[in-house]
Amino acid sequence: MKDHRDPAEARLDELLGAWCREIDEVPVPRLVDPVRAVDVVIAAKKRGRVPAPPDGAGTRPPGDAREEAV
C-alpha cells in the first residue's frame, strides 16, 4: 500500500511522534505533596479563606480528606 500523504505532513507526523515519545521517556516528579496540600487547604478553610461549595455541589467527600490523599 502506498502512502498518499504530503511528504511534509508525513515528516511533521514523524517529528511530533518522536517528540511525544521523548517527553514520555522522562519521568516528571510530583510537584505537590498531596498530604501537605490537604493540610494547607484545611488550615485555609479554618481561617475562612476557602469558600464553601455551592449548595448541593457534592464536591467534597465526607470525613477526613487526608486519609484519601495518600
Side-chain angles (χ1 to χ4, degrees):
M1 181 189 306
K2 187 170 177 165
D3 190 1
H4 295 287
R5 292 185 303 169
D6 177 22
E9 183 181 343
R11 179 70 179 137
L12 179 60
D13 286 346
E14 182 182 323
L15 287 170
L16 292 175
W19 180 54
C20 286
R21 286 188 298 276
E22 184 179 324
I23 288 171
D24 288 341
E25 288 176 1
V26 178
V28 177
R30 183 176 279 180
L31 299 176
V32 176
D33 174 35
V35 174
R36 172 77 176 123
V38 169
D39 288 342
V40 169
V41 171
I42 289 171
K45 186 173 181 180
K46 286 179 181 176
R47 289 191 309 269
R49 294 182 177 235
V50 176
D55 289 344
T59 57
R60 295 187 179 106
D64 188 358
R66 278 179 284 211
E67 295 171 2
E68 297 175 19
V70 177

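Only this structure's heavy atoms are used, side chains among them; waters, hydrogens and symmetry mates stay out.
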Any residue meeting side chain to side chain contact (heavy atoms under 4.5 Å, CB included) with Glu14, in chain and number order, not counting sequence neighbours: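 Glu14 satisfies side chain to side chain contact (heavy atoms under 4.5 Å, CB included) with Arg11 only.
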Residue pairs, two or more places apart or on separate chains, that pass salt bridge (charged side-chain N to carboxylate O under 4.0 Å, His left out) and touch residues 16-27: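 Listed once each, the pairs would be none.
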Leu12 reachable from Trp19 in the ILVMFWY side-chain graph, under 4.5 Å edges: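 Result: yes, single cluster for both.
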Co-members of Val32 in a cluster of I, L, V, M, F, W and Y side chains, linked at under 4.5 Å: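 Besides Val32, the hydrophobic cluster comprises Leu31, listed by chain and residue number.
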